[in-house]
2 protein chains.
Amino acid sequence: MGFAETFKALSDPVRREILMLLKEKPLSAGEIGSHFEMTGATISYHLNILKKADLVTEEREKNFIFYDLNVSVVEEVMLWLSDLRGGDGDEKRA
Amino acid sequence: MGFAETFKALSDPVRREILMLLKEKPLSAGEIGSHFEMTGATISYHLNILKKADLVTEEREKNFIFYDLNVSVVEEVMLWLSDLRGGDGDEKRA
DNA sequence: TATCTAATTAGATATTTTTCTAAATAATAT
DNA sequence: ATATTATTTAGAAAAATATCTAATTAGATA
């Protein structure tokens, strides 16, 4: 699945903010866009990058496309960082 | 300290590999460079980005500059991800 | 079917990033 | 003081990224 894509996706502030919005609940592309001073096209571009990185899932409902955070990939990134940091990821009980 | 800089620094594969090398032990700029097919100048550029993101520390010793991983910033990134993921970061015991 | 709304795709541009070569610093050793 | 070694800085070129406007697609509804 590739950490390169995932970290790349996380490296942009707009995309991190989108993820934080999705933390609360799934939102349509339009709802997401309304939080930013950007065109829908640009939001779509960012959503696509998040989707490719598997950080979000999309689901069609009527005329809308709802995006949702994919927690499992977030956890995979945490594991990578945990490995970098060394130890067993549960240092406080070592 | 700024997550933007930190995530940006983590978004490059060369820089992530450098961090993984430093996980083992501090290394000089030259030793780091010898792991890559790049000029020392380019390695220096990457080290500078990691330094600005506070992901590595540097220490002079004789004619060498040794770089070391700064674990605490890695942990801060993990906390950000933990927040994104929701819950208390210790889900398995919830 | 025609039209409306939500969202994406295409193409262009500006900015940022990565990399190089060459020159400059810093510290050590002769 | 000079030369040597390790590393960084400066400046330039190539590649990737983020953004826009305009056009297109997908689905829903009249």
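The shown structure was predicted, so the numbers you read here are calculated from the model rather than taken from an experiment. Lettering follows sequence order; numbering is per chain, from 1.
- Taking 4.0 angstrom as the limit, B:K8 places none of its side-chain polar atoms (N or O) nearer than this to OP1 or OP2 of C:dT16.
- Residues A:L19 and A:L21 share a hydrophobic cluster, clusters being chains of Ile/Leu/Val/Met/Phe/Trp/Tyr side chains in contact below 4.5 Å.
- A:Y67 comes within contact range of the sugar-phosphate backbone alone, with a heavy-atom separation under 4.0 Å but no base atom that close.
- Heavy atoms of A:I32 sit nowhere under 4.0 angstrom from any nucleic acid atom.
- OP1 or OP2 of C:dC20 lies within a sub-4.0 Å distance of a side-chain N or O belonging to B:T42.
- Contact between the side-chain N/O atoms of A:R60 and the OP1/OP2 oxygens of C:dA6 is not found at any separation under 4.0 Å.
- Distances shown here put every side-chain N or O of B:Y45 at or beyond 4.0 Å from the OP1 or OP2 atom of C:dT21.
- Across all strands shown, D:dA30 forms a Watson-Crick or G-U wobble pair, both distances under 3.5 Å, with C:dT1.
- Here A:S44 does not reach the OP1 or OP2 of C:dA7: none of its side-chain N or O atoms lies under 4.0 Å away.
- Classification of the B:W80-B:F3 ring pair by plane angle, with boundaries at 30° and 60°, yields tilted.
- Taking 4.5 Å as the limit, every side-chain heavy atom of A:T6 sits out of range of all side-chain heavy atoms of A:E76.
- A close approach under 4.0 Å does not occur between any side-chain nitrogen or oxygen of B:H46 and OP1 or OP2 of C:dT17.
- Under a 4.5 Å side-chain heavy-atom cut-off, the cluster of Ile, Leu, Val, Met, Phe, Trp and Tyr residues that includes A:L79 has no other member.
- OP1 or OP2 of C:dT19 has not a single side-chain nitrogen or oxygen of B:T39 nearer than 4.0 Å.
- Residue contacts for A:G30: at a heavy-atom cut-off of 4.0 Å it reaches the sugar-phosphate backbone alone, with no base atom in range.
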